[in-house]
Amino acid sequence: MTEKLIIIGSGPAGHTAAIYAARAELKPLLFEGRVPGGQLMLTTEVENYPGFPSGLMGPEMMEQFKKQSERFGTRMIADDVVHVDFSVHPFVVKTADQTYLSESVIVATGATAMWLNIPGEKEYGGRGVSACATCDGFFFKGKKIIVVGGGDSAMEEATFLTRFAETVTVIVRKEELRASKIMQERARNNPKIEFRWNSEIREITGDGKKVTGVKVFNNKTNETVDHPTEGVFMAIGHTPNTSLFKGILDFDAKGYLKTAPGSTKTNIEGIFAAGDVADHYYRQAVTAAGTGCMAAIDAERWLAGRE
Ligand code: NDP
């Protein structure tokens with residue numbers, strides 16, 4: 001059987017594409033991945049998605065997205081796509097144990113949190129080192145912890161973590177924050193949050209069981225000091241999930257999928273890209289949803305043009 005449309009990814013882009021495609025009667029098949037829902041699953045409160053004036057939790061929002069996709073008949077497979085072949089038509093999409101064929105594909109595989117790749121980081125992963133405040137914050141009640149990064153994610157995580165932690169030290173490699181003014185203000189005005197500027201974590205140390213501290217290098221004074229802490233939260237940005245498409249689709253200078261200006265068309269006709277996998281700049285739930293909608297419309301028109 002050949003599908004009309006396969007969607008790879010289950011964040012706001014994938015689900016919005018599914019909602020639009022299902023309503024256009026394309027009967028989309030959506031691969032959710034083994035860890036469905038995308039980055040909003042790791043977020044706390046989403047306050048900037050229009051239509052939700054009181055905000056809502058990221059995972060709850062993704063549940064609503066999924067329900068809406070299902071309501072219009074999207075079929076979902078909770079498995080990872082491990083291989084694609086876009087050099088033949090119908091296109092080939094494979095999971096570990098099944099092969100699927102489709103006339104068109106929307107790639108909405110999103111992006112993943114970045115790590116520092118320093119000693120101790122892997123060793124103490126899940127034992128004090130985390131990239132998800134929502135998931136792990138609760139375990140740091142009354143503790144002194146660290147957040148690494150100077151963007152909106154770092155401010156959001158630091159602010160959220162003050163619910164549990166005694167103090168939160170934000171380690172910033174420059175002398176300024178990249179975060180938006182409103183998020184900066186919130187963090188700066190929080191008495192539990194302090195900032196360490198010009199600072200880089202060089203090593204995470206522990207007692208073999210859990211984190212006990214970090215070595216912080218000051219890039220202005222060239223001094224390294226030991227900073228005791230029980231938790232280290234990374235919030236240093238993301239990389240796009242593009243490994244499936246290396247050598248197949250075109251990438252931009254930052255390694256994100258390249259689309260034709262003002263559309264979701266990739267370099268291969270019938271393959272479309274939406275959401276953070278093709279957007280290093282905006283990276284918002286609402287822009288991902290917007291490009292997901294565009295991709296469904298692009299796919300629908302492309303399919304109609306072939307009939
Ligand atoms: P950003 O890329 O915006 O910021 C990453 C931060 O981490 C920067 O301060 C960067 O430093 C720092 N960094 C990167 N690599 C390293 C490293 N190796 N060592 C130390 N520090 C490092 O990522 P975010 O995840 O914060 O935000 C991504 C996007 O999502 C943004 O567009 C943001 O606005 C949005 N967002 C919005 C939220 C909201 O509105 N509620 C919440 C969270 C994110 P430097 O500045 O020196 O490069």
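Below, each value reflects all heavy atoms present in this structure, side chains not excepted, and no hydrogens, waters or symmetry copies. Read the numbers this way: they start at 1 and go in the same order the structure lists the ligands and their atoms.
Taking each of I171, I236, N117, N48 in turn, the one with a heavy atom nearest to atom 22 (C) of ligand 1 proves to be I236. Of the candidates S153, G150, A131, it is S153 that places a heavy atom closest to atom 26 (O) of ligand 1.
Numbered from 1 in the order shown, with element, the atoms of ligand 1 that lie under 4.0 Å from a heavy atom of Y282 read 32 (O). Every atom of ligand 1 with a heavy atom of A235 under 4.0 Å away is listed here by number and element: 7 (O). Taking a cut-off of under 4.0 Å to the non-hydrogen atoms of G149, the atoms of ligand 1 that pass are 7 (O). Distances below 4.0 Å separate heavy atoms of H238 from the following atoms of ligand 1: 25 (O).
In terms of protein heavy atoms, atom 2 (O) of ligand 1 is closest to R178 NH1, 3.3 Å. Ranking protein heavy atoms by distance to atom 41 (N) of ligand 1, first place goes to E156 OE2, 3.4 Å. Looking only at heavy atoms of the protein, atom 11 (O) of ligand 1 is closest to R173 NE, 3.3 Å. Nearest to atom 30 (O) of ligand 1 among the protein's heavy atoms is Q284 NE2, 3.6 Å. Nearest protein heavy-atom neighbour of atom 29 (C) of ligand 1: R283 NE, 3.8 Å. The closest protein non-hydrogen atom to atom 18 (N) of ligand 1 is L116 CD2, 3.5 Å. What sits closest to atom 23 (O) of ligand 1 on the protein, heavy atoms only, is G237 CA, 3.7 Å. At the top of the distance list for atom 36 (N) of ligand 1, counting protein heavy atoms only, stands D152 CB, 3.6 Å.
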Stepwise ring pair (Phe, Tyr, Trp, His ring centres under 6.0 Å) check, Y100 with F31: CA-CA 11 Å; Y100 301 83; F31 289 90; 5.0 Å; yes

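The distance from atom OG1 of T266 to atom CG of L249, rounded to the nearest 0.5 Å, is 5.0 Å. Note: D279 CG to T291 OG1 = 7.0 Å, rounded to the nearest 0.5 Å.
Using modelled atom types and a 3.5 Å distance limit, the side chains of D152 and S180 yield a donor-acceptor pair. Side-chain atoms of D136 and S130 include a donor-acceptor pair closer than 3.5 Å. Between D298 and T264, the side chains place a donor N or O and an acceptor N or O closer than 3.5 Å (distance only, hydrogens not considered). A donor-acceptor pair shorter than 3.5 Å cannot be found between the side chains of T159 and N190.
Using a 4.0 angstrom heavy-atom cutoff, M183 counts as in contact with ligand 1.
Ring centroid separation for the pair F140 and F233 comes in under the 6.0 Å cut-off. In this structure, F245 has its ring center no closer than 6.0 Å to that of F251.
Relative ring orientation between F195 and W197 is described as parallel, the plane-to-plane angle staying below 30° on a 0-90° scale split at 30° and 60°.
The shortest N/O to N/O separation between G151 and ligand 1 falls below 3.5 Å.
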